[in-house]
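Written below as structure tokens is the structure these notes are about.
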Amino acid sequence: MLGWFEKEWDLAHVAPPWGDRPSIYEHIRAHVTPTRPGLTAGGDSLPDDEKVWSKSRIRWVAGGLDGALGAHGGPGEKRNAAASVFGSLKRATRVASVTNLQRLYDSVATNATIDYVDPFLELLVNDATLQTGRVHQFAKWFAQTAPDREVVKWALATLGVVSRDEVDLLVTFGRHEEFTLYAVVAVKNSASHPGRVMWELARQVKGWGRIHAIEHLAGTEDSEIKRWMLREGYDNSIMLEYTALTCATSGGLLEALSEEAVDDELLKGAGEIIDALIAGDGGPATGISDYTDGATTVDAYLGHVLRRPGTLEQFLVVDGIRRMCTDTERDWSVLAGYGWTPERREEIHRQAERFLDREHWKTVATTGLESPDTSVFETAVRAARTLGIDTWDHQFRRLLAGEDRWYWVMQTDDDERVERAIALALERIPLTEIATGPGDELGLGPAFRHHSQLDFIVQDLKRFPGKGLALVHTALRSPVIRNRNMALNALAAWGEWRWGPDTRPLLEAALKDEPVDEVKERIGKVLAGQSS
């Protein structure tokens, strides 16, 4: 009965194993505007979101789980999953029965592609008996019509090794951060001129997708790509440390800064790259300790900014350079091999001081604190802290105007200022909507905006005994675990004699109602006068 199918191998006549669920590919296509990067509004969501996240309390940003965790399973698990998927694929290419198709689809859909894709592709390219034309049809069919993201990821990875003509399909998928990594790798494996296509993909995204694309553009010799890396490419919405080193080395940062004259865009990019490299040491990404040209590049950067009036952004970069030079926690024995000798550090520190000692910086920062532009204001706040300028009044005015500045107005030791913040909180934050009873909520997302605001306030009330008791009581009755923990921190720090008459009965009731064992134990300790 299947003879006609095996001869023609026409998947158009086969019922899809996923039924009539909507296609991810068609969803993405519907949100593509050719003249604009990324996707239009609503494109970031995917048809399988509810299925994927229904059992998870944390929802990852697109591409974040694959990007941050990588292949986190054990080697045996990866190879076992790869063998299972490959076995299902071989059976389906021999006999395209309903059972075999369902087994293949289920095997792919229930395994995280990132966990097994490399050993799977090894099996795929090394099996001379496999009918790659049929594999291509399976992969393209799944890519264009499947409703499950792991199946789409598998299909893209597979297309990369069995096809040479799917660039348009890959570029379309690459616009969605969840699939950019797989699109980039597939392009690298299959396109005639992969560098330019990967560059196009990198320009379409700003999150994990850009990080992955930059990683695969490492070593480029294309002058346009190198220029873009230093002015735009390094910039991503996750953490600049993930792209800074690749862009510095592959983009030729030292070579670019060695020119006599540089454009403003390069100087801006250079500063942000240097700042990210300095911050990167000791973090999840690479840093200045991995950059062999670091000292020479910093020296060249300082030479350029010293010949200009300077901006507050440059002020912050140079301040970071100055601090690095006197950082006794760094392993200078390694950095010395990259030019960071004591003598070189002293000279770089001296140049940084020359730039930072200019008389106009306080005026520039004060002007920035009055700016209606939030980005300008934030930069001015950072500079003001270094310059010793008090920004509390500016923060409070913006809070009054509706900006969410609760964290910053609580960064004070002034009782009067804290009382003003508490009074505003009692007026602005809907306490009765928060005090709905304890739960196990993490408090993430816009639905918990007011809970988050309360958190910023209560976490600092432990430094102000007896103040904001109504806010603490509200936090004790919040469904958000962190709110309740912050309230307990405050009460433990204050001591019972500052609680007021209503607090102990409220704690005793909370002890009975608390659903989280760790918090329940803490309540008991606070009631007993023990350290929580």
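Below, all heavy atoms of this structure are taken into account, side chains as well, without hydrogens, waters or symmetry copies.
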Should the pair [X] and [Y] be assigned to parallel (<30°), tilted (30 to 60°) or perpendicular (>60°) ring geometry?
X    : Y    : result
H27  : H31  : tilted
F456 : Y407 : perpendicular
Y105 : W18  : tilted
F138 : F142 : tilted

Got a salt bridge between [X] and [Y], using NZ or NE/NH1/NH2 to carboxylate O under 4.0 Å?
X    : Y    : answer
K78  : D118 : no
E272 : K268 : yes
R196 : E224 : yes
K90  : D127 : yes
D48  : R21  : no
E178 : K153 : yes

So with a 6.0 Å cut-off around [atom1] of [X], is the heavy-atom count from everything else above 12?
X    : atom1 : answer
D373 : CG    : yes
E403 : CD    : yes
R29  : CZ    : no
K462 : NZ    : no
R382 : CZ    : no

Any chance the side chains of N126 and E122 put a donor and an acceptor closer than 3.5 Å? no
Judged by modelled atom types alone, do R482 and N485 share a side-chain donor-acceptor pair under 3.5 Å? no
Distance flag, aromatic centroids of Y291 and W340, threshold under 6.0 Å: no
Verify whether the ring centers belonging to H212 and H216 lie closer than 6.0 Å. no
Minimum-distance pair of heavy atoms, taken over all atoms of H451 and N483: O-ND2, 3.1 Å
Separation between CH2 (W141) and CG (L101), nearest 0.5 Å, reads 5.5 Å
